[in-house]
Structures are given as C-alpha cells and as structure tokens.
Amino acid sequence: MSDDDSPVDYCLIDATRPPKADGPPYAECVLCREPTEYPESYKGVTLCPVCEWQEAQRTACSG
C-alpha cells in the first residue's frame with residue numbers, strides 16, 4: 001500500500017481486447033479453433049470465451 005492507502009496494482013499484463021463482432025463471420029480461436037466473439041477481419045490473437053477464461057486463470061497474479 002502507498003502512503004494514501006490506495007492499493008498498488010502489481011499486475012502489468014496488457015489487457016487490451018479486440019472489438020466484439022456484430023455478427024458472423026467470427027474469427028477462430030487460436031487454441032481450439034472454435035468461433036470467438038471477435039470479427040474474422042481482426043488481425044491478432046483471438047480466443048474463444050472458454051480459452052480466454054482458462055488463459056486468464058493461468059496468467060493471473062497470485063499476489
């Protein structure tokens with residue numbers, strides 16, 4: 001804790017996410033190949049909701 005009693009965030013993982021798609025076609029998950037919530041035109045890593053949750057659990061700060 002700092003002098004002003006506000007919590008200090010030690011987790012420095014960039015949590016930016018691609019924009020959600022309005023409808024099909026959806027991008028494939030890079031891990032399981034299931035459809036994601038993101039547009040097919042998105043350039044970058046996309047994960048389905050299940051893999052996204054599992055990855056968040058795996059990389060979570062353990063404090």
Side-chain angles (χ1 to χ4, degrees):
M1 293 243 176
S2 62
D3 293 338
D4 63 359
D5 291 329
S6 61
V8 177
D9 186 11
Y10 292 102
C11 213
L12 302 175
I13 297 170
D14 182 16
T16 57
R17 300 173 74 185
K20 295 211 175 180
D22 292 332
Y26 298 109
E28 284 186 347
C29 176
V30 296
L31 298 177
C32 71
R33 313 295 265 179
E34 291 293 319
T36 67
E37 301 172 335
Y38 308 113
E40 193 175 61
S41 61
Y42 179 75
K43 304 292 185 222
V45 176
T46 54
L47 298 174
C48 70
V50 172
C51 290
E52 195 170 285
W53 181 83
Q54 289 173 342
E55 185 70 10
Q57 293 294 312
R58 189 181 71 74
T59 60
C61 294
S62 59

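All values below come from the heavy atoms of this structure, side chains included, with hydrogens, waters and symmetry mates left out. Computed from a prediction, not measured in an experiment: that's the story for all the values here.
- By the side chain to side chain donor-acceptor pair (under 3.5 Å) test, E28 is found to be paired with R33, residues two or more places apart in sequence or in another chain being considered.
- Both L31 and V45 are part of a single hydrophobic cluster, where members link through side-chain heavy atoms under 4.5 Å apart.
- In terms of heavy-atom proximity, P35 sits nearest to P49 at O-CD, 4.5 Å.
- For the atom pair OH of Y38 and SG of C48, the computed distance is 9.5 Å after rounding to the nearest 0.5 Å.
- Y26 OH to E37 CD: the interatomic distance, rounded to the nearest 0.5 Å, is 9.0 Å.
- The side-chain contact (heavy atoms from CB on, under 4.5 Å) search around E55 returns L47, R58, T59, not counting sequence neighbours.
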